[in-house]
Protein chains: 2
Amino acid sequence: MSQKIYDGKAISHLISNVAEDELCDLAELFKVFGDSTRIKILYDLINGEKNVTEICADLEMNQSAVSHQLKLLKSSKLIGSRRAGKQIIYFLADDHVKTIIAMGKEHIEE
Amino acid sequence: MSQKIYDGKAISHLISNVAEDELCDLAELFKVFGDSTRIKILYDLINGEKNVTEICADLEMNQSAVSHQLKLLKSSKLIGSRRAGKQIIYFLADDHVKTIIAMGKEHIEE
DNA sequence: TGAACACATGAATATTTTATCATATGTTCA
DNA sequence: TGAACATATGATAAAATATTCATGTGTTCA
């Protein structure tokens, strides 16, 4: 909103409104990764696409809970899906997911 | 727990218990980035260390809320602190924070 | 067509998380 | 020492989120 005078130069406020929106989007993105069910799903899909039943089996979780999280992951554009007969096949939307997870693992293992 | 036989090879369950713990740790890490207040603090500190009052001013948030989040960030080892007289100065613990944020930004801007 | 299967979804509940309020702790300096 | 300042913290209230349950929708196949 206002500006600060610092070292003789007018600099915009560190977190201007535009940056603030960007940071909120970032938080939204990380929030998606910040749930163990969702990250397990993402990790599960690294090995290739799977249908809902397979994912439920891998996570040992009930179908409804998994479907709800799949929906959230899809609306976040992290996964995509296609129908194959009775089944819906889910897959990672792009390589960013792998990169971000790898990044996090690296941090943890430091 | 059990193993699956796939393509003639015994492979451990995709999400074995050990991997499961690792994934939960990962979720914990991302959860920290997944809050707008915390990510604003982290972003604020990219420009250099700051005391609590400065951070509060930058975020336009009350001191108690900020302190609570600082505590969480510190317990997650993402920031460190030192005392300087009456003030406590906070700073990013390492470069991973910058990298992870950059990573996320890249994904968003795709 | 209708039964069986695979998945989605709305509502309710349970759980977790965040901000606020009041107050406590630690430091400086007159 | 004690007042003023900077920060931390416990408790509580408020908000957001996840899971469960019941049920709905879409597809296959006999």
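This structure is a prediction, so every number in the text was calculated from the model and none was measured. Excluded from the calculations below are hydrogen atoms, water molecules and symmetry mates; all remaining heavy atoms, backbone and side chain alike, are included. To find a chain, count down the sequence lines: A is the first, B the second, and so on, and within it residues start at 1.
- Counting to the nearest Å, the P atom of dA6(D) and the CZ atom of R82(B) are 17 Å from each other.
- The aromatic rings of F33(A) and F30(B) sit tilted relative to each other, their planes meeting at an angle between 30° and 60°.
- Within the nucleic acid shown, T53(A) comes within 4.0 Å of sugar-phosphate atoms alone, with no base atom in reach, counting heavy atoms only.
- At whole-Å resolution of the value, CD1 in I41(A) and C1' in dA8(C) are 14 Å apart.
- The shortest distance between the side-chain N/O atoms of T37(A) and the OP1/OP2 oxygens of dT19(D) is below 4.0 Å.
- Nearest to the side-chain atoms of N62(B) among the listed nucleotides dT20(C), dT9(C), dC7(C) stands dT20(C).
- Residue contacts shown for Q63(A) include a base, since a base heavy atom lies under 4.0 Å away.
- Whole-Å rounding puts the I89(A) CD1 to dC7(C) P distance at 7 Å.
- As a whole-Å value, the separation of L59(B) CG from dT7(D) C1' is 15 Å.
- Taking atom CG of residue D35(B) and atom P of nucleotide dA15(D), one finds them 16 Å apart after rounding to whole Å.
- Checking side-chain atoms of E54(B) against main-chain N and O of N51(B) turns up a donor-acceptor pair under 3.5 Å.
- Summarising the geometry, atom CG belonging to D35(A) is positioned 9.0 Å from atom CD1 belonging to I39(A); distances are rounded to the nearest 0.5 Å.
- Atoms NZ (K71(A)) and P (dG24(D)) sit 17 Å apart, rounded to a whole Å.
- In this model, the phosphate group of dA6(C) is not approached by any side-chain N or O of Y90(A) to a distance below 4.0 Å at OP1 or OP2.
- R38(B) places a side-chain N or O within donor-acceptor distance of the main-chain N or O of V32(B), the cut-off being under 3.5 Å.
- Summary of the strand contacts: I88(B) and A65(A) both lie near DNA chain D, and taking for each the nucleotide with the nearest heavy atom, the more 5' one is attributed to I88(B).
- The distance between atom CG of L70(B) and atom P of dA6(D), rounded to the nearest whole Å, is 16 Å.
- A donor-acceptor contact shorter than 3.5 Å is absent between the side chain of E60(A) and the backbone of A57(A).
- Checking dT18(C), dT27(C), dT9(D) against every side-chain atom of S64(B), the shortest atom distance belongs to dT9(D).
- The distance from atom CE of M61(A) to atom C1' of dC21(D) is 14 Å, rounded to the nearest whole Å.
- Using a 4.0 Å heavy-atom distance criterion, K31(A) is classed as a sugar-phosphate-only contact.
- In terms of phosphate contacts, K86(A) brings no side-chain nitrogen or oxygen within less than 4.0 Å of OP1 or OP2 of dA4(C).
- Between dA6(D) and R83(B), no contact under 4.0 Å exists linking OP1 or OP2 to a side-chain N or O.
- Between the side-chain ring of H68(B) and the base of dT9(D), a stacking contact exists by the 5.5 Å and 30° definition.
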